[in-house]
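We number each residue from 1, following the sequence as shown. Start at 1 and go down the list; that is how both ligands and their atoms are numbered.
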Amino acid sequence: MSMSKLRLGILASGSGSNLQAIIDSIKCGNLPCEIAVVVSDKPDAYALKRAELHGIKTEAVQSKTFQDREAFDAELVRILKDHNVELVVLAGFMRVVTRILINTFPMRIMNIHPALLPSFPGLHVQKKAIEYGAKFSGCTVHFVDEGVDTGPIIIQAVVPVYDNDTEETLSARVLKEEHRIYPYAIKLFAEGRLEVTGRRVIVKDHTKVEGTLDNPPQF
Ligand code: GRF
């Protein structure tokens, strides 16, 4: 009996490289999901073009046509429910979602943040990490709660910060890891291997990471 595929609703505001990584992961058979719809608050977002190129349904919702954030989110909920979405994936979605969306999809909204939360929440995170003198940065996939970048952490990847890094070079290094861990986080959810207890997300049947990393390396 073929497992019914988890139906994803992707929200994106920009280029959609994380969306592309999810599309690619599905296409090569690594991710047992289907993308039911891609929604953007920017009608010209390249993410919508990427979806169209793969025959994926798209919707553009312009925030100025709604009187407040809750009304905007109510429209998102309408679209997502119309497409029987089971997991909402924020992929470079540059709006803070409200309880209207969160209460409709409790612990069923994921986001990716290009830093090692709880360090460097919010925007301009690469600039913050470099200026702070952090030796490692990375990215975090987490469930979305009512805070900004505060939900329970599902998976993180670490990259070194080099002395000559710029925002661009560090962003590029982190983005590559985003494309690796986001599809994997969704796969873990689709396989029912994520258990949320309070702030903690326990991944079932998982081996432990061994070893440590130093930056600067001691060898
Ligand atoms: C990524 O860096 C992601 O971490 C942040 O916004 C960017 C989205 O990039 N939320 P893309 O639109 O997926 O290429």
Side-chain angles (χ1 to χ4, degrees), residues 8-27 30-31 33 35 37-54 56 58-61 63 73 76 87-98 101-102 105 109-132 134 136-161 165-187 189:
L8 307 180
I10 315 269
L11 308 188
S13 306
S15 75
S17 70
N18 274 289
L19 164 65
Q20 190 64 56
I22 294 163
I23 291 171
D24 296 347
S25 188
I26 291 172
K27 287 227 181 283
N30 286 343
L31 186 53
C33 300
I35 300 174
V37 64
V38 174
V39 187
S40 184
D41 56 324
K42 304 281 183 227
D44 57 352
Y46 190 64
L48 295 175
K49 182 76 185 151
R50 291 182 194 266
E52 286 154 17
L53 289 172
H54 288 274
I56 297 167
T58 62
E59 296 265 355
V61 184
S63 48
D73 279 13
L76 289 183
L87 177 67
V88 182
V89 175
L90 309 186
F93 190 58
M94 301 317 276
R95 288 177 60 90
V96 175
V97 296
T98 71
L101 188 72
I102 295 163
F105 296 96
I109 307 172
M110 284 188 189
N111 183 44
I112 189 153
H113 182 74
L116 291 177
L117 293 172
S119 297
F120 311 122
L123 298 173
H124 314 299
V125 299
Q126 312 310 355
K127 183 171 185 295
K128 290 175 188 169
I130 290 167
E131 288 175 355
Y132 193 90
F136 286 103
S137 190
C139 45
T140 303
V141 180
H142 62 93
F143 284 116
V144 173
D145 62 10
E146 295 210 28
V148 176
D149 302 325
T150 54
I153 292 172
I154 299 166
I155 187 169
Q156 294 184 300
V158 177
V159 300
V161 181
D165 259 328
T166 62
E167 285 182 67
E168 292 70 30
T169 56
L170 182 53
S171 295
R173 193 173 310 126
V174 170
L175 197 58
K176 262 177 56 194
E177 303 313 313
E178 293 179 38
H179 299 160
R180 202 170 51 73
I181 67 170
Y182 217 169
Y184 189 55
I186 298 166
K187 180 175 176 0
F189 183 95

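Distance alone, capped at 3.5 Å, is enough to place a donor-acceptor pair between the T140 side chain and the L117 backbone.
Electrostatic pairing of D44 and K49 does not count as a salt bridge here, judged by no charged N lying under 4.0 Å from a carboxylate O. Salt bridge status for K127 with E131: present, with a side-chain N to carboxylate O gap under 4.0 Å.
For the pair H113 and ligand 1, the shortest N or O to N or O distance does not fall below 3.5 Å. Residue G16 places at least one N or O, backbone or side chain, under 3.5 Å from an N or O of ligand 1.
With atom 13 (O) of ligand 1 as the reference point, the heavy atom nearest to it among N18, L175, I112, I10 is part of N18. Of the listed residues (S17, A45, A172, S13), the one carrying the non-hydrogen atom nearest atom 14 (O) of ligand 1 is S17.
Taking every non-hydrogen atom of P114 and a distance limit under 4.0 Å, the qualifying atoms of ligand 1 come out as 4 (O).
A side-chain donor-acceptor contact under 3.5 Å links D73 and T98.
Side-chain contact between V37 and I56 is absent, with no heavy-atom pair separated by less than 4.5 Å. Side-chain contact between I186 and L87 is present, with heavy atoms from C-beta onward closer than 4.5 Å.
Summary of contacts: the protein heavy atom closest to atom 1 (C) of ligand 1 is E178 OE1, 3.2 Å. From the protein, the heavy atom lying nearest to atom 7 (C) of ligand 1 is G92 CA, 4.3 Å.
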